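Following: one structure in structure tokens, then a few remarks.
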Amino acid sequence: MKHENVMNVAKKRGFLWSSFEIYSGVSGFVDYGPLGAILKNNVMEKWRDYYIVGEGFYEIESPTIMPEEALKASGHVDHFTDPMTECKECLDVYRADHILKAATGQEVEGLENQKLTEIISEKQIRCPKCGGHLTHVWSYNLMFQTLIGAKGKKTGYMRPETAQGIFIPFKRLLRFFRNKLPFGVVQLGKAYRNEISPRQGVIRLREFTQAEAEIFINPADKSHPQFSQISSEILSLYSSDCQLNSKDPLQITTQEALDKDIVSSQMLIYQLHIAQKFLREIGIPDKALRFRQHLPTEMAHYAIDCWDVEVHTDNYGWVEIIGIADRTDYDLKSHSEHSGEDLRVFIEYPEPKKVKKIVVKPNMAKFGPAFKGAAPQIIKFLESADSNQIQHALQDEGRFSVKLDSTYHILPEHVKFEEVDEVVRGEKIFPHVIEPSFGIDRIVYSILLHSFKEEKDRSYFKLAKDIAPVKVSVFPLLNKEEMKEMAQDIQFNLRKNGFIAEYDSSGTIGRRYARADEIGVPFAITVDHDSLNDKTVTIRNRDDSEQFRIPSEKVPKIILSLLKSKIEFKDLKKP
RNA sequence: GCGGCUGUAGUAUAGUCUGGUUAGUACUUGGGCCUUCCAAGCCUACAGCCCGGGUUCAAAUCCCGGCAGCCGCACCA
């Protein structure tokens, strides 16, 4: 199977190792070896290139340990905890709420464990499989818990996603972006989930790297200024409709997907498109990709539309590597409520609106004598109250009650109503959030899987030039002192010019080419006898093993042009 | 978390059932010889019984526990 061959080479050549091996290992953790670490960094650098340079977003970095309050607000403390129960007979473990719902049809979400345990014993609910008794309900929280400080009084958690680190300093970010929507903020970093039984290698890790962008937009305007340029791009959309009716994914343009209401907004579909473009450039072909829409039943509590970018793998089937969601205003609203901070944005109307408004004015001749010392504070209350409501109350009930330190009854004679023109320049709203969330580890795995080529006499990673860890290898054709010296000079010169270059003089030339190919080195330079006389060397292309002669002093410049795709390899052929 | 199978150099394996000399082989890797361009050949070196406990005169081998991997179930807002 391809997966095994890939993982084998990846292990052998220092891309991916399982962690803590000398202590038997711990599942759900991986080490990136010397080449894997560069590859991963190159992917992340390219990601930055897309989102920071390309889209104009800015990156921040926030702590990986978060206080409980913040995760309470985000919903993770409550929603990331599953109530579990176990059958005493067959020892199967179940979600307690799922069992209850199936058995009673009753909605039990949000109930305490103790309450769930009570319901189970009251209604005599048994194991659905063998009918055995169930244990008391306990919580399994997917977050790693820790204690902050010497006395450890404050509960902290390892963050389960990087996104929250962006929502929390939203006020500062809003100021940084000078109070204008839309804007985007990204964060790349580790996130942690204590999975019950991670088993799919690098696909399900307990500690993993995310690259997330939070794009804050006006809910009334989810358009994207560049959309027209991508409106005829084709995506493979596996909509919820396709899934429910067992149809194949649709191959349609972004424009059509919007027209048919398959994807909810321009901004969202634009994100789908750039995710596809990104994956294509790092070596994952379109045909191995599809966009799968979350079914209404599986959508997270905060989202209104969510698409997973899935890549096909021989071993695990379709695997989610990116999630792109419209998180609405859920997070900001919730942090606003829990923290008491106003996290809204003032949106100015294109034209100030003139609105006719009824205002209540005290008739002081009657008002003052009636309420005496309490009059000023009642007036203050009336100013902020809804005038319409007061007017209706006076009409319907003949009085309006104001509860302050004691209750005051306002009668029609105390006030009069005036209609005034008011100019409203805008309103405060919670922005909506479009979030592309990339699982970097899964993407690195996908790259290795889909770039691995097995030919009859060699196998190698056909890595995209810009993410290949080692850019160029330099070899002396023979183990002769002069050739070795010249080759080492060339390697040194390449490094001075910023390229990761390897020198190798061990074994035969064919073996060295094979070794370099295997780890995906795009180009090789070989010094031979002629090189010593005319200062030319051969340059070899990994993908077709073609080679041409070039002057040795031009090597760094030519490598640069090749890597930047300013020239094609075949252009090196002398006219 | 449950059950089944498995664990020997960097990789792939022999040996385990039936306990007994220095754990064998191939590839890889390092050094050298040879060599005028795609894993050739020769010499040489490095490197291993998953961890812990038990049984025994003696454990890679038998027993128990742990850890990890694979498969099935469950879980994966």
Side-chain angles (χ1 to χ4, degrees), chain A residues 1 3-5 7-14 17-29 33 71 74-87 89-95 97-99 109 127-130 135 138 140-143 160-161 193-201 203-206 294 297-303 306 315 319-320 323 325 330 455-460 475-480 483 504-518 524-532 537-542 544-547 549:
Chain A
M1 209 146 146
H3 165 84
E4 274 146 40
N5 299 339
M7 292 314 280
N8 220 322
V9 178
K11 189 199 269 185
K12 196 168 74 178
R13 301 304 308 272
W17 297 323
S18 54
S19 299
F20 315 115
E21 263 185 321
I22 64 167
Y23 298 108
S24 294
V26 182
S27 71
F29 297 93
L71 290 161
S74 68
H76 286 92
V77 170
D78 299 322
H79 289 105
F80 224 56
T81 307
D82 293 330
M84 310 291 283
T85 183
E86 187 184 17
C87 170
E89 311 297 325
C90 67
L91 301 175
D92 263 7
V93 176
Y94 301 97
R95 284 275 298 267
D97 52 343
H98 287 183
I99 279 204
E109 211 183 301
C127 171
K129 208 158 101 186
C130 75
T135 63
W138 77 90
Y140 186 79
N141 194 308
L142 253 21
M143 290 194 290
E161 59 175 13
R193 295 178 191 185
N194 199 1
E195 300 283 356
I196 295 173
S197 81
R199 215 196 281 168
Q200 295 144 305
I203 296 299
R204 244 175 105 203
L205 294 173
R206 291 188 162 122
H294 279 205
T297 48
E298 68 176 313
M299 199 106 63
H301 52 285
Y302 48 71
C306 185
N315 214 28
V319 171
E320 174 196 355
Y330 177 86
E455 295 173 359
K456 57 182 183 301
D457 48 3
R458 62 169 183 169
S459 56
Y460 64 108
F475 307 130
L477 181 62
L478 301 173
N479 235 332
K480 296 263 160 59
M483 289 185 200
D504 188 356
S505 63
S506 149
T508 61
I509 190 71
R511 187 184 218 66
R512 285 178 255 154
Y513 286 142
R515 263 201 292 257
D517 286 347
E518 191 172 53
I525 302 291
T526 304
V527 172
D528 58 18
H529 273 132
D530 293 341
S531 310
L532 301 174
V537 293
T538 56
I539 182 167
R540 170 185 178 275
N541 192 28
R542 173 196 67 200
D544 52 15
S545 36
E546 265 215 74
Q547 52 185 39
R549 280 201 96 77

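Please read these numbers as outputs of a predicted model, since none were measured by experiment. Each chain gets a letter, A, B and so on, in the order its sequence line appears, and its residues count up from 1.
Evaluation of the salt bridge (Lys or Arg N to Asp or Glu O under 4.0 Å) rule for A:R540 yields A:D517 as partners, not counting sequence neighbours. Judged as a salt bridge (Lys or Arg N to Asp or Glu O under 4.0 Å), and not counting sequence neighbours, the contacts of A:R13 are A:E518. A:D530 pairs by the side-chain contact (heavy atoms from CB on, under 4.5 Å) definition with A:D528, A:D534, A:R549, not counting sequence neighbours. Listed by chain and residue number, A:H3, A:L16, A:Y445 satisfy the side-chain contact (heavy atoms from CB on, under 4.5 Å) test with A:M7 (two or more places apart in sequence, or in another chain). Residues that satisfy the side-chain contact (heavy atoms from CB on, under 4.5 Å) test with A:N479, not counting sequence neighbours, are A:K484, A:S505. Looking at residues two or more places apart in sequence or on another chain, you find a ring pair (Phe, Tyr, Trp, His ring centres under 6.0 Å) between A:H76 and A:F80. Not counting sequence neighbours, the partners of A:R204 by the salt bridge (Lys or Arg N to Asp or Glu O under 4.0 Å) test are A:E195. Not counting sequence neighbours, the partners of A:S19 by the side-chain contact (heavy atoms from CB on, under 4.5 Å) test are A:F29, A:D31. Annotation: salt bridge (Lys or Arg N to Asp or Glu O under 4.0 Å) contacts of A:R511 (sequence neighbours excluded): none.
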Which atom pairs link the protein and nucleotides 39-46 of chain B when you take only N or O atoms and keep those under 3.5 Å?
unit_1	atom_1	unit_2	atom_2	d
B:A39	O3'	A:R511	NH1	2.9
B:A39	N7	A:D457	O	3.4
B:A40	OP1	A:R511	NH1	2.9
B:A40	OP2	A:T508	OG1	2.9
B:A40	OP2	A:R511	NH1	3.4

Review item, nucleotides 67-70 of chain B N/O atoms under 3.5 Å of protein N/O:
unit_1	atom_1	unit_2	atom_2	d
B:C67	O2'	A:S24	O	3.4
B:C67	O2'	A:G25	O	3.3
B:A68	OP1	A:S27	N	3.4
B:A68	O4'	A:S24	O	3.1
B:C70	OP1	A:R199	O	3.4
B:C70	OP2	A:R199	O	3.1

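One atom, CG of A:N194, and another, P of B:G1, lie 10 Å apart when rounded to the nearest Å. One interatomic measurement links the two molecules: CG of A:N141 to C1' of B:C75, which rounds to 14 Å at whole-angstrom precision.
With both ends at atom C1', the span from B:G4 to B:G10 equals 30 Å, rounded to whole Å. On the P atoms, B:U8 is 15 Å away from B:A60, given to the nearest whole Å.
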Kindly express the pairing pattern of RNA chain B in dot-bracket notation, using | wherever a base pairs with another strand and counting only Watson-Crick or G-U pairs under 3.5 Å. (((((((..((((......[...)))).(((((.......)))))....(((((..]....))))))))))))....
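Residue side chain A:R204 reaches the base of B:C75 through a donor-acceptor N/O pair under 3.5 Å, judged by distance alone.
Put simply, A:S506 has a side-chain N or O that comes within less than 4.0 Å of OP1 or OP2 on B:G30.
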